[in-house]
Protein chains: 2
Amino acid sequence: MGNENLVFKKFLLSKGLKLTKPRKIILDTVFATHEHFNVDGLYDQIRKKHKDVSRATIYRTIPLLIESGLIKQSLRCLAKDHYEHIYGHGRHLHLICEKCGKIIEVESKETESILNKLAKKHDFKIREFNIGAKGLCEKCRNK
Amino acid sequence: MGNENLVFKKFLLSKGLKLTKPRKIILDTVFATHEHFNVDGLYDQIRKKHKDVSRATIYRTIPLLIESGLIKQSLRCLAKDHYEHIYGHGRHLHLICEKCGKIIEVESKETESILNKLAKKHDFKIREFNIGAKGLCEKCRNK
DNA sequence: TTGAGAATGAGATTTATTCTCAGAATGAAT
DNA sequence: ATTCATTCTGAGAATAAATCTCATTCTCAA
Ligand SMILES: [Zn+2]
Ligand SMILES: [Zn+2]
Ligand SMILES: [Zn+2]
Ligand SMILES: [Zn+2]
């Protein structure tokens, strides 16, 4: 796969932290699929193979993954925070169907460059884009 | 002021619901300022004048205000859902400072028309835009 | 005035997330 | 290997936003 491992390890080292077994399992599971994820789903996924990783450690590791630039906070859905990869993924925006929950991902270079321009005008330094819309997908509309 | 009252009343009537005193107080307070708001802040604001509106009723009224098209869910900040007016407000996007919490509102017509185009391509019907970015404002960067 | 349905406040409940803490793992230095 | 300081961990308690329950009160049309 990619070298998320290396990226994460370097990041941890730079902060005097360690790439422990639980952290490695969490990292690997996060990058085992390309879907958005939340803590509960990730926990279930991990538990299929490893009985020795706790929710607490997942909650503690996610901020590290974010700070290392590997993932970002994404949607909030059904009262749960969701996350998604940055590393190895093109930037995109989300069209979220409010009925079936389907998420359509779309390239977003144009919108980002506009946002960058606006941010510059307001002397604002963007760290993370958050671009999308909610509505109805084709299937749910025609049903 | 505007006729949010009328809009809300019509909406409620159309659903067989009533514009009661608590609902009216909540509506008025929501539209008394033009800031984004959350339940706690709204509750405090209301309590300055009216001792007889409960948190429960606020939580129950907000979905009605959303469904009536008067307000929309906006940011999530400090683990709290935030809301903002739609009625009487131009659409805008948010630049949120992650350090001081400042929110810069910016016109967003261009980005919206791009999003509309992309949505059409994916046969998606947008109900609500959600466009913004997180980062650092000028003051927090230069401190 | 009355009655059926809607709405309310108070407080209990739920549940995602954070916190606490005692013990386990780590790894550098001896 | 043995120390030792530090970081990590799992388990479960704690927190707090949002939702739910329920007995009572309001509303309004008949
Ligand atoms: Zn759908
Ligand atoms: Zn995505
Ligand atoms: Zn700031
Ligand atoms: Zn706004």
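Throughout, protein chains are lettered first and strands after them, A, B, ... in sequence-line order, and every chain is numbered starting at 1. Values below: all heavy atoms of this structure, side chains included; hydrogens, waters and symmetry mates excluded.
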Checklist entry - Going by distance alone, is a donor N or O of one side chain under 3.5 Å from an acceptor N or O of the other, for Glu105(A) and His36(A)? => result yes
Checklist entry - What is the distance, rounded to the nearest whole Å, between atom NZ of Lys21(B) and atom C1' of dT25(D)? => result 11 Å
Item to check | Given DNA chain D, 5'-ward residue of the pair Arg55(B) and Lys18(B), judged by closest heavy atom | outcome: Arg55(B)
Checklist outcome for this item: With the side chain defined as heavy atoms from C-beta on, Tyr59(B) is closest, among dG12(D), dA17(D), dG9(C), to dA17(D)
Next on the checklist: I want to verify a distance call: between dG10(D), dC8(D), dA6(C), whose nearest atom is closest to the Ser54(A) side chain?
Outcome noted: dG10(D)
Checklist outcome for this item: Rounded to whole Å, CG of Asp81(A) lies from P of dA17(D) at a distance of 14 Å
Next on the checklist: When you measure from the side chain of Arg23(A) to the backbone of Thr57(A), do you find a donor-acceptor pair of N or O atoms at a distance under 3.5 Å?
Outcome noted: no
Next on the checklist: I'd like to know if Arg60(A) reaches the base of dG10(D) with its side chain such that a donor and an acceptor end up less than 3.5 angstrom apart.
Outcome noted: yes
Checklist entry - Any side-chain donor paired with an acceptor under 3.5 Å for His92(B) and Glu84(B)? => result yes
Item to check | Pro22(B) side chain, from C-beta outward: closest of dT17(C), dT9(D), dG9(C) | outcome: dG9(C)
Item to check | Residue Asp40(A), side-chain atoms from C-beta onward, closest of dA18(D), dG9(C), dA16(C) | outcome: dA16(C)
Checklist entry - Out of dA7(C), dA16(C), dG9(C), which has the shortest distance to the side chain of Lys80(A)? => result dA16(C)
Checklist entry - Taking atom types as modelled, is there a side-chain donor on Tyr43(A) or Arg47(A) under 3.5 Å from an acceptor on the other? => result yes
Next on the checklist: Hydrogens and angles aside, do Gln45(B) and His50(B) bring a side-chain donor and acceptor to less than 3.5 Å of each other?
Outcome noted: no
Checklist outcome for this item: Rounded to whole Å, NZ of Lys24(B) lies from C1' of dT27(D) at a distance of 17 Å
Item to check | Along DNA chain C (nearest heavy atom to each residue), the more 5'-positioned of Arg47(B) and Leu12(B) | outcome: Leu12(B)
Item to check | Distance in angstrom units between Asn38(A) CG and dT15(C) C1', rounded | outcome: 13 Å
Next on the checklist: Tell me the interatomic distance from Asp52(A), atom CG, to dA11(D), atom P, rounded to whole angstroms.
Outcome noted: 9 Å
Item to check | N or O in side chain of Thr57(A) less than 4.0 angstrom from dC8(D) OP1/OP2 | outcome: no
Item to check | For atom CD1 of Ile62(A) and atom P of dT9(D), their distance in whole Å | outcome: 13 Å
Checklist entry - Once you round it to whole Å, what is the distance between C1' of dG9(C) and CD1 of Ile58(B)? => result 12 Å
Checklist entry - Within the structure, does a side-chain N or O atom of Thr20(B) lie under 4.0 Å from either OP1 or OP2 of dA6(C)? => result no
Item to check | Between dT15(C) (P) and Tyr43(A) (OH): distance, integer Å | outcome: 17 Å
Item to check | From dT7(D), dA11(D), dT9(D), nucleotide with atom closest to Leu17(A) side chain | outcome: dT7(D)
